[in-house]
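Take a look at the structure set out below.
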2 protein chains.
Amino acid sequence: MQVKQNIPEYYGLSEEEVRMTLESYVEEHYKAGEYFLQEGKIAGKIGFVKKGIFRSFFYNDNTDDITTQFYVPGSLIISIESLNNQVPSKENIVAVVDSELSTVSYERQKQLYELIPAWNRICKDLGDEMNKDMLNRATQLQTMSATERYQDFCTQNPEIIKNVALKHIASYLGIDIATLSRIRRKI
Amino acid sequence: MQVKQNIPEYYGLSEEEVRMTLESYVEEHYKAGEYFLQEGKIAGKIGFVKKGIFRSFFYNDNTDDITTQFYVPGSLIISIESLNNQVPSKENIVAVVDSELSTVSYERQKQLYELIPAWNRICKDLGDEMNKDMLNRATQLQTMSATERYQDFCTQNPEIIKNVALKHIASYLGIDIATLSRIRRKI
DNA sequence: AGCATTGTTTGACAAAAGTCAAATAATGAA
DNA sequence: TTCATTATTTGACTTTTGTCAAACAATGCT
């Protein structure tokens with residue numbers, strides 16, 4: 001999910017509103033392997049990726065590590081259900097490499113809805129973007145072969161290919177790691 | 001996607017706001033096979049399903065009819081990209097059986113954002129719900145076998161099973177029609 | 001009712017993808 | 001650097017899923 005560029009201009013934020021927005025951000029650094037959110041904990045913030053890569057995943061019945069999403073610079077990191085309903089998260093979100101985020105706390109987020117009317121629209125648009133991406137992902141899983149999914153992923157996400165363990169990409173694409181290894185050999 | 005019940009109470013709408021909201025709805029009847037939205041046209045409204053079933057689909061390169069979603073009573077029908085950006089739709093949305101909708105036009109929708117502050121939150125929450133559903137769908141396609149996906153679909157959507165052609169369910173689940181037929185025999 | 005159209009099932013087969021286990025390769029910590 | 005751990009590849013094999021074509025069933029017009 002890529003955050004729309006030039007938010008202030010686009011949404012006609014006043015200088016005061018821009019100032020309040022910028023004040024709300026907290027910069028955070030994550031070492032590879034550090035968690036943004038852990039299973040069982042309640043999400044307390046959203047994050048905008050400035051640098052690095054994050055990965056969200058959960059453990060299924062068989063305790064397999066299932067990757068549900070990658071987050072690259074420009075992405076919004078949010079665990080919607082946990083954050084909105086303040087319930088324990090079912091997913092983990094972890095930095096894959098050393099990374100930097102701008103975060104906004106849940107509390108501050110709620111204030112911004114009141115303070116800056118346009119904030120609602122910004123968040124709605126971000127949500128719509130996520131929706132489009134998610135629909136796209138579902139459609140790919142629905143209609144494309146393992147090889148096609150991998151090839152498309154490679155062209156769309158060269159940075160992820162370079163930095164993320166193959167097994168996590170395999171899991172994200174719904175492909176067995178051995179099968180993906182063979183797909184790579186053939187290409 | 002199920003629309004949250006009791007919207008007025010939940011979002012603290014005033015009587016006046018409830019009145020404006022209700023005034024915005026246009027009731028529409030669709031015969032089986034009638035289109036809510038056609039590929040190439042620009043989406044002009046959103047719809048809440050009151051009765052019946054709708055189906056969204058597109059044609060891929062091979063001109064296969066790919067079902068992307070079903071809409072049952074309580075669902076919000078929206079073609080996000082086409083409506084938000086007022087660009088031609090890539091998908092079709094059609095009534096599977098005789099159906100009834102409450103619709104709100106794109107123009108009125110925009111007015112409501114101004115007239116009723118809570119409308120922003122309502123729409124954001126609806127979007128979040130859609131997001132959750134879509135993530136769930138992607139995860140199923142990613143991790144479950146064809147048989148598991150079909151079984152889960154049957155328990156979650158008995159009404160759809162009863163009323164929609166098997167080939168559309170197969171397409172939605174990403175399963176070949178012949179394969180799904182065999183899955184059914186075995187169960 | 002009769003017929004054409006569309007949807008579903010089935011068989012025989014092919015291709016895609018997964019499983020298990022072992023061999024390599026890469027990585028990271030002492 | 002060395003060793004243990006983790007990641008990736010590979011082989012041999014099984015299972016799942018898809019393909020094609022034909023048969024059968026259901027549906028809807030006229």
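Just so it is clear, the structure is predicted and the values come from calculations on it, not from any experiment. FYI, side chains are in, hydrogens and waters are out, and symmetry mates aren't considered; it's all heavy atoms of this structure. The sequence lines fix the lettering, A, B, ..., with proteins before strands; numbering per chain opens at 1.
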State whether [X] and [Y] are salt-bridged, where the test is any N-O pair (Lys NZ or Arg NE/NH1/NH2 against Asp/Glu carboxylate O) under 4.0 Å.
X         : Y         : result
Asp128(B) : Lys124(B) : yes
Glu23(B)  : Arg19(B)  : yes
Lys51(B)  : Glu100(B) : yes

Item to complete: Quick one: list whatever passes ring pair (Phe, Tyr, Trp, His ring centres under 6.0 Å) with Tyr150(B), sequence neighbours left out.
Response: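 With neighbours one apart ignored, the set is empty.
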Discussion item. List the residues meeting ring pair (Phe, Tyr, Trp, His ring centres under 6.0 Å) with Tyr172(B), not counting sequence neighbours, and say none if there are none.
Written reply: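 Tyr172(B) satisfies ring pair (Phe, Tyr, Trp, His ring centres under 6.0 Å) with Phe70(B), Phe153(B) only.
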Side-chain donor-acceptor pair under 3.5 Å between [X] and [Y], yes or no?
X         : Y         : answer
Gln111(B) : Arg108(B) : yes
Arg137(A) : Gln69(A)  : no
Ser102(A) : Glu27(A)  : yes

Worksheet entry | chain B contact limits on DNA chain C, taken 5' to 3' with a cut-off of 4.0 angstrom to heavy atoms |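 Footprint of chain B along DNA chain C, 5' to 3': dG7(C) to dA12(C).
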Worksheet entry | Closest non-hydrogen atom pair between Arg121(A) and Asn120(B), with its separation | CD-OD1, 3.0 Å
Discussion item. Within residues 140-149 of chain A, which residues have any heavy atom lying less than 4.0 Å from an atom of DNA chain C?
Written reply: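 Of all residues in residues 140-149 of chain A, the ones placing a heavy atom under 4.0 Å from DNA chain C are Ser145(A), Ala146(A).
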Practice prompt. Mind checking the NZ-CZ spacing from Lys41(B) to Phe36(B)? Nearest 0.5 Å is all I need.
Written response: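 Lys41(B) atom NZ to Phe36(B) atom CZ measures 13.0 Å (nearest 0.5 Å).
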Worksheet item: How long is the span from the CG atom in Asn136(B) to the CG atom in Leu141(B), to the nearest 0.5 Å?
Response: 10.0 Å
Show each protein N/O and nucleotides 27-30 of chain D N/O combination with a separation under 3.5 Å, one pair to a line.
none

Practice prompt. Assign Gly174(B) to base, sugar-phosphate, or nothing according to its heavy-atom contacts below 4.0 angstrom with the strands shown.
Written response: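 Touches sugar-phosphate only.
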Practice prompt. At under 4.0 Å between heavy atoms, which parts of nucleotides 5-15 of chain D does protein reach? Answer with one letter per nucleotide, 5' to 3': B base, S sugar-phosphate only, - none.
Written response: --SSBBBB---
Discussion item. With a 6.0 Å cut-off on the ring centroids, do Tyr30(B) and Phe54(B) count as close?
Written reply: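 They qualify: ring centres under 6.0 Å apart.
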